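Shown next, in structure tokens, is the structure this report addresses.
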Amino acid sequence: MKVIYTDSLVIGGGLAGLRVAIAAMQRGYDTIILSLVPAKRSHSAAAQGGMQASLGATIKGEGDDEEIHFADTVKGSDWGCDQDVARMFVNTSPKAIRQLSAWGVPWSRVRRGDREVVINGEKVIITEKDEAHGLITARDFGGTKKWRTCYTSDGAGHTMLYAMDNKAIQMGIPIHERKEAIALIHEDGVCHGAIVRDLISGELIAYVAKATTIATGGYGRLYSITTNAIISEGIGNAIALETGIAALGNMEAVQFHPTAIVPVGILTTEGCRGDGGLLLDKDGYRFMPDYEPGKKELASRDVVSRRMTEHMRKGKGVPSRYGDHLWLDITLLGRKHIEKNLREVKEICEYFLGIDPVEEYIPVRPTQHYSMGGIRTKPTGESPTLKGLFSAGEAACWDMHGFNRLGGNSVAETVVAGMIVGEFVADYCAANALNVSTSTIQRFMKQEEKKITDLLVRDFGENPFQLKAEMQKIMMDKVGIFRNGEDLSQAVEELKVLNRRAKKIALRNRISSSNPELVEAIRVPKMIKLAQCVAYGALLRTESRGAHAREDFPERNDRDWLKRTLTTWKDDSADMPEVFYEDLDVMKMEMPPGSRGYGVDNTVHHPDTVKRELEIEEIKKANPGADRFELQELLNPIPIPEKFKGKNERIGRGFK
Amino acid sequence: MSDQERVLKFQIFRYNPLKKGDKPRMVTYEVTEAPGMTIFIALNDIREQQDPSIQFDFVCRAGICGSCAMVVNGQPTLACRTLTSLYEDGEIKLLPLPGFELIGDLSVNTGKFMRAMSERVESWIHDTRADDVNYEKLEERMDPDVADEIYELERCVECGCCVSACATKRMRPDFLSAVGFMRLARFALDPRDKRTDDEFYEIMGDDDGVFGCMTLLGCEDYCPKDLPHQTQIAYLRRKMVLIR
Ligand SMILES: Cc1cc2nc3c(=O)[nH]c(=O)nc-3n(C[C@H](O)[C@H](O)[C@H](O)COP(=O)(O)OP(=O)(O)OC[C@H]3O[C@@H](n4cnc5c(N)ncnc54)[C@H](O)[C@@H]3O)c2cc1C
Ligand code: SF4
Ligand code: SF4
Ligand code: FES
């Protein structure tokens, strides 16, 4: 039995995993990163749009600060987020972006003087201040009050990931590539590492660690059409679920992005609309202002996706052999802008659609994009139920996004969570000894070996590729943008059947080393379990919140549903997960539930909301001289690590 | 996108070095073309419908991550963004990218090569103060044009096409290659990196470095991100010649 020991094991080499590893290494702990692919190929590289940080350097970001970023984030989440975490996040994001700048990200900078931009379909001139020249600039994104999304031309994620991986290489952090964690090792409620399969040799290796962090990204590939990479299959979430102890949070919260190209689902960034692009229907008519006169194309993502779907249901979609779609028009931005700031979009249009977006409209449709749900953690990043298991990035339900995340807040989360959770991982390494018996490691190893042997000897059975396609279709058709009780019940039943069938997979290619069919056979049963968590959670949640939109329960119902869904899978032989709930405490909220300001407000309010509003008024009255920092301390004291507590400087206002 | 259905003929290099007795060979597969089909879609179709053992690497399937470079009808390129409709006679021959360790079939270990490259060129900002920066304060300013220029050179996706197209690399196994030169040019341009020309010389001032390059520019021809190899290699060379 091959065993590798380390202090901090990080599963996932995307932005979040790399940053956690760097933090633990900086504090002197041995760290190993595992990744399915070379770290620089992780899906973080695909983020084109940018990262939200309230630097307020561009003139259109003037006046921005943590308070406004906080309010946008909480509203965006439809009050489903953990406000302590959202607070830690907005306070740390400016530091994270400045650190990345020192580590090499060539963020696009403010250029003094006039420049032409497109706002609300019109060309306007804005004038950047002299004193802002050379600072990090920002663009507009959906659901934000200020221009806050910092970017590198069209390659924010790419440059962030390269800088982060380069930093890890500089620090000599080992990254074991082409390795897949397939089970967690745990005993008596403590996690001790993972059983890992080498994707080339097929060998199973036990990685034993004090702290284990899952940073494996999202689970978009549960759906047949998604913007996500083909490795975004949620296996990290699944192995946490399979412990029976760690819980997954809000799995039904799945975001659809308004503008992926038809049919393949590759994303065109929100930057297209942020920079002034418009959505048009089959008549070339700009329809979003009719639905959302305020934010129009730049309403929150979930809102725009639903409005587009509604509009297509009215017969206004452009028919095609792949079903209806709408148009994204960026022609008005001009060649120069597109070739510099939206070049990746241009390349995608040229290669995959054979069109030039400078001249032609882009066929788009809302498409699965982001997983708000994930491994439920405390604000420290640790699972509340399985000690020593941490999670960060899209894989986690740290819960700053609640039921809808804002564009640009995700890559920001990966690095901020990486910084914060990384500190707590290091603390955990300092406070705990490596303490696990060989027999425990052996037991987990044997269990995984047996599963693989069973697969390799079975003569007849199910085809894993087929099972996966069936699952993806169910999710797409029945657990999509708009949901209803009938479809969801069917999805839950059909997935249950798939779960049973997935226990009898047989292979055509029966070798244990490098074998894509075996990889699929190991993953598919796990993916089906996750799909069941999503579908079942969606069926039970009889309200609409953020990206979870129930046609049969259109109102947001704070009275009954201001709670986080938790899902566990205690008994491996069961064919359904267990679901329970965790209340969000209105009386502790810095920002009690209100209206997001889209469409009609039909919220069923929580009885505590008014109480808390009054309480906040009282607190404000009792402390008339308190500045925004003191007020925040009174309303929402949070456990931010010492290192990141300081105030952030901005031009024109210093540290105020 | 054409609507007519045709049957594509894929000739694919097959060899699994880990399988005892396996020998390199070309195998032909037939696939019915679909509108908008890419080599990514076709290969998955082959894996799912015909031969589940076939190995290849895709991650983003959008031409962004650099995982899927292979030799398509003699030319190294990103397979995921290559439409099958580009090939008029419907015959597509796929070989693994040469110059890298073969994992199996069309899968090669570019990751290992690129990590070694990054370590060799020390692909990070060299500034002893970088770790003591106070992140609460305004970031250090940078000229907007310089930021844009750095990004232009950082668009490399480490796909390895330039390496596989380089004649010098074939003769000199330790040749740094265009991807390494591009990375060096990127850091040499960056005012945050405090390395001196002498320090850069140590890394590339020999025949395995920029003096070994024959400027035949296979790299520039095949780079899927259209990076300016010619100008950057010339720039590095001038810079290095001035030193000694
Ligand atoms: C097309 C696209 C564009 C986007 N644009 C933006 C944007 O502009 N702004 C923004 O804020 N957000 C954006 N997002 C979202 C954002 O990019 C992601 O949420 C974020 O990058 C996720 O980072 P991560 O580190 O959590 O995971 P990832 O970057 O997905 O990394 C996951 C890592 O885990 C590894 N892994 C997975 N499973 C295993 C396993 N079982 N064993 C070992 N390793 C494993 C993988 O190899 C990989 O290294 C975009 C997303 C998409 C799909
Ligand atoms: S110019 Fe020719 S020799 Fe030099 S790196 Fe490019 S391909 Fe290789
Ligand atoms: S320089 Fe171009 S060809 Fe070479 S690895 Fe980078 S992207 Fe690929
Ligand atoms: S799969 Fe990412 S570039 Fe081809």
Side-chain angles (χ1 to χ4, degrees), chain A residues 37-38 40-41 43 45-46 95 98-99 101-104 106-111 133-136 152-153 155 158-159 162 166-167 169-170 175 177-178 200-201 229-231 263-264 266-267 321 340 344 347-348 351-352 354 465 507-509 511 513-517 646-649 651 655, chain B residues 1 16 18-19 35-36 38 41 47-48 51-55 57-67 81-83 103-104 107 109-112 114-115 118-119 122-125 127 130 133-144 146-148 150-151 154-155 157-158 190 192-193:
Chain A
V37 298
K40 284 192 175 89
R41 310 212 190 288
H43 199 46
K95 298 180 184 73
R98 286 171 174 163
Q99 182 171 63
S101 180
W103 289 359
W107 296 111
S108 294
R109 304 288 171 142
V110 179
R111 187 189 308 275
H133 187 76
L135 294 173
I136 298 171
T152 319
S153 296
H158 172 87
T159 56
Y162 271 51
N166 286 338
K167 184 76 190 169
I169 295 174
Q170 178 190 2
I175 302 180
E177 296 170 7
R178 295 182 188 261
I200 299 177
S201 69
I230 55 173
I231 59 166
V264 284
I266 296 172
L267 184 77
R321 60 186 297 157
K340 176 163 173 290
E344 207 73 61
E347 276 188 15
I348 286 167
Y351 282 102
F352 294 92
F465 296 106
L507 303 180
R508 289 166 286 171
N509 180 35
I511 58 169
S513 65
S514 182
N515 176 355
E517 194 186 24
K647 298 177 182 170
N648 301 307
E649 189 185 9
I651 49 158
F655 290 91
Chain B
M1 283 181 213
N16 182 351
L18 288 176
K19 202 165 146 188
T38 57
I41 296 173
R47 181 189 273 174
E48 285 163 30
D51 187 340
S53 68
I54 183 168
Q55 297 181 54
D57 294 316
F58 291 95
V59 178
C60 72
R61 62 80 173 89
I64 292 169
C65 74
S67 301
R81 68 176 197 188
T82 303
L83 293 169
I103 292 173
S107 169
N109 207 334
T110 47
K112 196 167 155 187
M114 294 299 169
R115 167 107 184 189
S118 289
E119 286 169 352
E122 303 190 1
S123 168
W124 53 84
I125 299 284
D127 180 357
V133 175
N134 181 348
Y135 302 117
E136 293 157 16
K137 293 212 177 120
L138 292 185
E139 63 278 10
E140 202 168 308
R141 288 169 201 263
M142 185 184 275
D143 185 286
V146 173
D148 290 350
I150 297 171
Y151 175 62
E154 199 172 280
R155 294 176 64 247
V157 293
E158 297 194 346
D190 194 325
R192 293 169 295 192
D193 193 323

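Bear in mind that the values here come from a model prediction, so they are computed numbers and not experimental data. In what follows, chains are A, B, ... by sequence order, proteins preceding strands, each numbered from 1.
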Query raised in the report: Would you say the side chain of A:Arg178 lies within less than 4.5 Å of the side chain of B:Asp57, judging by non-hydrogen atoms?
Result: yes
**Report entry** Check ion pair B:Lys137-A:Glu649 (N to O, under 4.0 angstrom)
**Finding:** no
Report task. Heavy atoms only, distances under 4.5 angstrom: which of A:Asn648, A:Ile169, A:Val264 has the most pairs with chain B? Name it, please. Result -> A:Ile169
Query raised in the report: Are A:Glu177 and B:Arg115 within salt-bridge range, i.e. N to O under 4.0 Å?
Result: no
Query - A:Leu507, part contacting chain B, at a heavy-atom distance under 4.5 Å - result: neither
Query - Under 4.5 Å from a heavy atom of chain A, the part of B:Val59 involved - result: both
Query raised in the report: Mind checking whether A:Glu347 and B:Ile64 have side chains closer than 4.5 Å, heavy atoms only?
Result: no
Query - Heavy-atom closest pair, residues A:Trp107 and B:Ala147 - result: O-CB, 3.5 Å
Query raised in the report: Considering only heavy atoms, which portion of B:Ser107 lies under 4.5 Å from any heavy atom of chain A: side chain, backbone, both, or neither?
Result: side chain
Query raised in the report: Is there side-chain contact between A:Ser108 and B:Asp148, with heavy atoms separated by less than 4.5 Å?
Result: yes
Query raised in the report: Would you say the side chain of B:Ser53 lies within less than 4.5 Å of the side chain of A:Arg508, judging by non-hydrogen atoms?
Result: no
Query - Any side-chain heavy-atom pair of B:Asn16 and A:Ile511 under 4.5 Å - result: yes
Query raised in the report: Is it the backbone or the side chain of A:Ser513 that comes under 4.5 Å from a heavy atom of chain B, or both, or neither?
Result: side chain
Query raised in the report: If every non-hydrogen atom of A:Ala102 is compared with every non-hydrogen atom of B:Tyr135, which pair is closest and at what distance?
Result: CB-CE2, 4.2 Å
Report summary line: When the 4.5 angstrom heavy-atom criterion is applied to B:Ile103 and chain A, the contacting part is side chain
Query raised in the report: At what distance, to the nearest 0.5 angstrom, does OH of B:Tyr151 lie from NE2 of A:His158?
Result: 6.0 Å
Report task. Using a 4.5 Å cut-off on heavy atoms from C-beta on, say whether the side chain of B:Ile125 contacts that of A:Lys167. Result -> no
Query raised in the report: Roughly how far, to the nearest 0.5 Å, is CG of B:Asp51 from CD of A:Glu517?
Result: 9.0 Å
**Report entry** Atom NZ of B:Lys112 with >12 non-hydrogen neighbours under 6.0 angstrom
**Finding:** no
Report task. Evaluate the side-chain proximity of A:Lys95 to B:Glu136: yes if any heavy-atom separation is below 4.5 Å, no if none is. Result -> yes
Report task. For A:Arg41 and B:Cys65, indicate whether the former's side chain and the latter's backbone hold a donor-acceptor pair under 3.5 Å. Result -> yes
**Report entry** When A:Ala229, A:Gly104, A:Ala46 are compared by non-hydrogen pairs under 4.5 Å with chain B, the top option
**Finding:** A:Gly104
Query raised in the report: Pick from B:Arg61, B:Lys19, B:Gln55: which one has the most heavy-atom pairs with chain A under 4.5 Å?
Result: B:Arg61
Requested in this report: Take B:Val146 and A:Arg109, measure what side chain to side chain contact (heavy atoms under 4.5 Å, CB included) needs, and give me the verdict at the end.
Outcome: CA-CA 9 Å; B:Val146 173; A:Arg109 304 288 171 142; over 6 Å; no
Query raised in the report: Got a second to check how far B:Met142's CE is from A:His133's NE2, nearest 0.5 Å?
Result: 12.0 Å
**Report entry** Most contacts with chain B, counted as non-hydrogen pairs under 4.5 angstrom, among A:Ser153, A:Pro38, A:Ala45
**Finding:** A:Ser153
Report summary line: Ranked by heavy-atom pairs below 4.5 Å to chain A, first place among B:Gly66, B:Ser67, B:Pro144, B:Cys60 goes to B:Pro144
Report summary line: So, the part of A:Ile136 with a heavy atom under 4.5 Å from chain B: the answer is both
Query raised in the report: Between B:Glu119, B:Glu158, B:Glu140, which shows the greatest number of heavy-atom pairs under 4.5 Å with chain A?
Result: B:Glu158
Report summary line: Given A:Ile175, A:Asn515, A:Ile200, A:Leu267, the one with more heavy-atom pairs under 4.5 angstrom with chain B than any other is A:Ile200
Query raised in the report: Taking the side chain as C-beta and beyond, is there a heavy-atom pair between B:Ser118 and A:Asn166 under 4.5 Å?
Result: yes
Query raised in the report: Which of the residues A:Tyr351, A:Trp103, A:Phe465 is involved in the greatest number of heavy-atom pairs with chain B at under 4.5 angstrom?
Result: A:Tyr351
Query raised in the report: Taking every heavy-atom pair that is under 4.5 Å apart, which of A:Pro516, A:Gly354, A:Ser101, A:Gly646 has the most such pairs with chain B?
Result: A:Pro516
